[in-house]
Trainee: 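My questions will all concern the structure given below.
Remember, predicted model here, so these are calculated numbers, not experimental data. Each chain gets a letter, A, B and so on, in the order the sequences are listed, and its residues count up from 1.
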2 protein chains.
Amino acid sequence: MPKVSQHHLEARRRQILDGARGCFAEFGYDGATVRRLEQAIGLSRGAIFHHFRDKDTLFFELAHEDAERMADVASREGLVQVMRDMLAAPDQFDWLATRLEIARKLRHDPAFNKEWTKRSEELTAATIDRLRRQKQAGRVRDDIPSDVLQCYLDLVLDGLVAKVASGEDTQLLTAVLDLVEGSVRQR
Amino acid sequence: MPKVSQHHLEARRRQILDGARGCFAEFGYDGATVRRLEQAIGLSRGAIFHHFRDKDTLFFELAHEDAERMADVASREGLVQVMRDMLAAPDQFDWLATRLEIARKLRHDPAFNKEWTKRSEELTAATIDRLRRQKQAGRVRDDIPSDVLQCYLDLVLDGLVAKVASGEDTQLLTAVLDLVEGSVRQR
């Protein structure tokens, strides 16, 4: 048997993650059954779960990819820019809607909550770090603690996902983001 | 056969709605199957759907009850007060989390979306009407169109539901609502 190359391993992981993302986007968190994941990915459950322990591990890995990308933008341009990017790519929203579908699970399943929080830590840290820098530069209001500002922006992000996922008008949402940006700016 | 009294009819409808609300809260929108609705309500599907055509009709009636109650508070005290009331009754949030679970359905099922929008119209109208009155009284900023302010507050409401449903700290969220209130206030 030939030795599996690193390159092949990476490609296989990519195939699984991309297929899984599409499957979650189409059927939602609960609807993405193992059978549907097999179909979307084009591999057997044995092959899939050889690379990722279970469905939740797959889901967390996708959330982690999102968090990394969003943290990168948040660190350079802030969380409002992350949201503007979201608005510009509404095809991503079926996947993002799964963020809302797991709210109940986050509340009732402590182990799931812990793993999810770990995946979001990077984005939270990047946002708070940028808020601190912007405060020092006099661009973000300094009368509100950073954790409150961060929670506010993260709440707006969840609300934005809900609004776009349910088909709200993009132009109206852009005006809302302008308001949000203004509300954290130093007056 | 004795004639069914109006009082009996009302009591039966109430029994069905209360049971259904608990069932949606516990199992989510998709998880509230007809079998579980029967168990939670304590009536057969025949009896239930004699009063409400189907599961969606039940769900919309519950949403309509919410919208009426929220519109009443929004009209007198504003949508931020509706959110403060929500924060004070976190046991309601398992039910409210169903609002998030239907986002995908709202986007992909036009008939469902139309019915849902109809149920929310009352709350939207009450919010916009109060914003206009507050603008005239100089208490709400007049540099932002009312539909943008209304969309903003409604987005924050969805975000708040997501945050509480996933177990976010109530004190932090109270501080966030103070920030939200300040951001629509006339400076």
Side-chain angles (χ1 to χ4, degrees), chain A residues 25-31 90 93-94 96-110 112-113 116-117 141 143-145 147-169 171-180 182-184 187, chain B residues 25-31 90 93-94 96-110 112-113 116-117 141 143-145 147-169 171-180 182-184 187:
Chain A
E26 184 170 356
F27 299 109
Y29 176 81
D30 284 327
F93 272 84
D94 271 336
L96 287 169
T98 57
R99 288 174 69 97
L100 307 174
E101 292 161 7
I102 59 166
R104 182 185 309 276
K105 202 169 165 63
L106 286 173
R107 185 137 173 252
H108 294 294
D109 183 340
F112 186 89
N113 193 322
W116 175 259
T117 305
R141 56 194 290 190
D143 60 333
I144 310 260
D147 62 335
V148 175
L149 288 173
Q150 188 275 330
C151 182
Y152 167 66
L153 292 176
D154 203 50
L155 180 152
V156 168
L157 190 150
D158 277 347
L160 184 73
V161 169
K163 283 285 164 236
V164 188
S166 54
E168 182 61 86
D169 178 65
Q171 217 174 336
L172 195 55
L173 291 172
T174 302
V176 168
L177 286 185
D178 293 340
L179 194 171
V180 169
S183 66
V184 300
R187 291 160 197 180
Chain B
E26 184 170 355
F27 299 108
Y29 177 81
D30 283 328
F93 272 82
D94 271 336
L96 287 168
T98 55
R99 288 174 70 98
L100 308 172
E101 292 160 7
I102 59 165
R104 181 186 310 275
K105 201 170 167 64
L106 286 174
R107 186 139 173 248
H108 294 294
D109 183 340
F112 186 89
N113 193 321
W116 175 260
T117 306
R141 56 195 288 187
D143 59 333
I144 311 262
D147 61 335
V148 175
L149 288 173
Q150 189 275 328
C151 183
Y152 167 65
L153 292 176
D154 203 49
L155 181 153
V156 168
L157 191 150
D158 277 347
L160 183 73
V161 169
K163 283 285 162 233
V164 186
S166 54
E168 182 61 87
D169 178 65
Q171 218 174 337
L172 196 56
L173 291 172
T174 302
V176 167
L177 287 186
D178 292 340
L179 194 171
V180 169
S183 67
V184 301
R187 291 159 196 179

Trainee: Output, in order, the C-alpha distance, side-chain angles, deciding distance and verdict of side-chain contact (heavy atoms from CB on, under 4.5 Å) for A:L179 and B:L149.
Mentor: CA-CA 8 Å; A:L179 194 171; B:L149 288 173; 3.7 Å; yes
Trainee: Can you tell me which portion of A:Q171 sits under 4.5 Å from chain B's heavy atoms? Options are side chain, backbone, both or neither.
Mentor: neither
Trainee: Between CG of B:L100 and CD1 of A:I102, what distance do you get to the nearest 0.5 Å?
Mentor: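 It is 11.0 Å, given to the nearest 0.5 Å.
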Trainee: Give, for atom CZ of B:F112 and atom OG of A:S166, the distance between the pair rounded to the nearest 0.5 Å.
Mentor: 11.0 Å
Trainee: Indicate yes or no: at least one non-hydrogen side-chain atom of B:D158 is less than 4.5 angstrom from one of A:D158.
Mentor: no
Trainee: Could you tell me which portion of A:V164 (side chain, backbone, both or neither) has an atom closer than 4.5 angstrom to a non-hydrogen atom of chain B?
Mentor: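 The answer is the backbone of A:V164.
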Trainee: Pick from A:A97, A:P145, A:G28: which one has the most heavy-atom pairs with chain B under 4.5 Å?
Mentor: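 When all of A:A97, A:P145, A:G28 are compared, A:G28 has the most.
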Trainee: Of all of B:G182, B:A165, B:A175, which one pairs up most often with chain A through heavy atoms under 4.5 Å apart?
Mentor: B:A165
Trainee: Under a 4.5 Å heavy-atom cut-off, does chain B meet the side chain of A:D147, its backbone, both or neither?
Mentor: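 Both backbone and side chain.
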Trainee: Picking from A:D143, A:L106, A:L172, A:D94, which has the most non-hydrogen pairs under 4.5 angstrom with chain B?
Mentor: A:D94
Trainee: Could you pull out the closest heavy-atom pair between B:S183 and A:S183, with the gap in Å?
Mentor: CB-CB, 3.5 Å
Trainee: Heavy-atom pairs under 4.5 Å with chain A are the metric here; pick the option from B:V184, B:L177, B:D169, B:V156 that has the most.
Mentor: B:V156
Trainee: Can you find a heavy atom in the side chain of A:D30 that is under 4.5 Å from one in the side chain of B:D30?
Mentor: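 Side chain of A:D30 against side chain of B:D30, heavy atoms only: no contact under 4.5 Å found.
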Trainee: When rounded to the nearest 0.5 angstrom, what is the spacing between CG in A:D178 and CD1 in B:I144?
Mentor: 8.0 Å
Trainee: Using the side-chain contact (heavy atoms from CB on, under 4.5 Å) rule, take A:L173 and B:C151 through it: C-alpha gap first, then chi angles, then the decisive distance, then the call.
Mentor: CA-CA 8 Å; A:L173 291 172; B:C151 183; 3.8 Å; yes
Trainee: Shorter than 4.5 Å, heavy atoms on both sides: which option in A:K163, A:R104, A:H108 has the most such pairs with chain B?
Mentor: A:R104
